[in-house]
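Working notes for the structure below.
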Amino acid sequence: MKGLTEEAVLSLGSPLARVVEVHEALASTQDRARELARAGAPHGTLVVAGVQTGGRGRLRRSWGSPEGGLWMSLVLRPVLEAAAASRVTQTAAVAVAKALRELGANVGIKWPNDLLAEPGGRKICGILAESSIRGAAPGEAPGVDHAILGVGLNANLDPEDLGVTDHEVATLRHELGRDIEPLDLLRRLLRSLQADLKRIHDFAAILDDWRVLSVTLGERVRVRRSGEILEGRAVDLGSGGELLLLTAKGLVGLYEGEVERLRRDAGERTV
Ligand code: BTN
């Protein structure tokens, strides 16, 4: 983003931006942050790029990243058992959603971590958390060595700049009717991420916030997971953040999958 420099980002004094790299262009901040993490970069290493030429999202999809968006990845070293690694994803979704709402954008979370602008469920931000697990000593549970938390926020650009044709997208500029000063935006995101990542061990509380911010719970949804399609009502989250789906065959707990909201108005349109 224009106007972000390493000095300016360091001057925020955020525990999540102790080490900072700002690039005009990179293939993917996610890949650069992973490289740094593998070389021993500490918790709170932040990589930002003005443009990504090979930005990627969940399920190996490409992620369009032109100038004007906030494309960033953080190296985190949370003290977490491997089984709890997925907490980072939902915690980050809660934190970023709160920051965007504080700015005045009407944003909700689609399970597990897509941020959608309402009304209409237009995607405004994608979150990608990739964890690396450390082998454990005999008798100990394996733990998270590091997690790379990627945030792709459609900020100071117009929806058509993103060139996305298969679903509706939103941008902060379009939702707020103005641009946001990049350093202020980053400061707000880092502050919110720090506040929620600090309480990741109180995951029940994070999930309570997630429920309040959700646009999925209470909805009829279709979920695609590993070749299987399920339909039902999204009734709640389980204690691990899994989606509890009430289907015709009973309650199913989903740990992965692609959710579409089913709309009953215009002939079961999906969002
Ligand atoms: C999703 O599929 O919704 C997640 C998208 C994550 C995109 C961000 S942009 C910054 C970071 N670098 C990448 O290559 N991907 C993530």
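What you see below is based on every heavy atom in this structure, not just the backbone, and it leaves out hydrogens, waters and symmetry mates. Atoms within each ligand, like the ligands themselves, are counted from 1 in listed order.
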Are R187 and D184 within salt-bridge range, i.e. N to O under 4.0 Å?
yes
Sub-4.0 Å heavy-atom contact, D31 with ligand 1:
no
Under 4.0 Å from a heavy atom of M72: which atoms of ligand 1 are those, numbered in the order shown and with their elements?
10 (C), 11 (C)
Heavy atom of S65 under 4.0 Å from ligand 1?
no
Nearest protein heavy-atom contact for atom 11 (C) of ligand 1: which residue, which atom, what distance?
T29 OG1, 3.2 Å
Taking only non-hydrogen atoms of G57 and a 4.0 Å limit, the atoms of ligand 1 in range are 1 (C), 2 (O), 4 (C), 5 (C)
Output yes when R220 and E231 qualify as a salt bridge under the 4.0 Å nitrogen-oxygen rule, no when they do not.
yes
Pair K110 + E260, salt bridge at N-O below 4.0 Å:
no
Sub-4.0 Å atoms of ligand 1 with respect to non-hydrogen atoms of S28
12 (N), 13 (C), 14 (O)
Ligand 1 atoms in contact with G126 (distance to a heavy atom under 4.0 Å):
3 (O), 4 (C), 5 (C), 6 (C)
I'd like to check whether W63 has a polar contact with ligand 1, where a contact means an N/O of the residue lying under 3.5 Å from an N/O of the ligand.
no
Mark up the atoms of ligand 1 that fall under 4.0 Å of a heavy atom belonging to R56, in ascending order.
6 (C), 7 (C), 13 (C), 14 (O), 15 (N), 16 (C)
Identity and distance of the protein heavy atom lying nearest atom 3 (O) of ligand 1:
K123 NZ, 2.5 Å
R56 vs E130, salt bridge (charged side-chain N to carboxylate O under 4.0 Å, His left out): CA-CA, chis, key distance, verdict:
CA-CA 12 Å; R56 52 190 179 78; E130 298 174 311; 2.9 Å; yes
Salt-bridge criterion met for R32 and E21 (N-O under 4.0 Å)
yes
For D114, the atoms of ligand 1 under 4.0 Å from one of its heavy atoms are 3 (O)
Are D196 and R87 within salt-bridge range, i.e. N to O under 4.0 Å?
no
Looking at ligand 1, does any of its N/O atoms fall within less than 3.5 Å of an N/O of R58?
yes
Looking only at the side chains, is there a donor atom on one of E256 and S226 sitting less than 3.5 Å from an acceptor on the other?
yes
Donor-acceptor pair, S192 side chain versus A95 backbone, under 3.5 Å?
yes
For the residue pair A27 and Q52, what are the closest heavy atoms and their distance?
O-CB, 3.5 Å
Answer side chain, backbone, both or neither: which part of Q52 comes under 4.0 Å from ligand 1, heavy atoms only.
side chain
Which ligand 1 atoms does G55 reach within 4.0 Å, using its non-hydrogen atoms?
14 (O)
Pick one of side chain, backbone, both or neither for how I127 approaches ligand 1, counting any non-hydrogen atom pair under 4.0 Å.
backbone
Looking at G152, which atoms of ligand 1 are within less than 4.0 Å of one of its heavy atoms?
8 (C), 9 (S)
Identified salt bridge (charged side-chain N to carboxylate O under 4.0 Å, His left out) partner of E258 from the options R58, R222, R224, R225:
R58
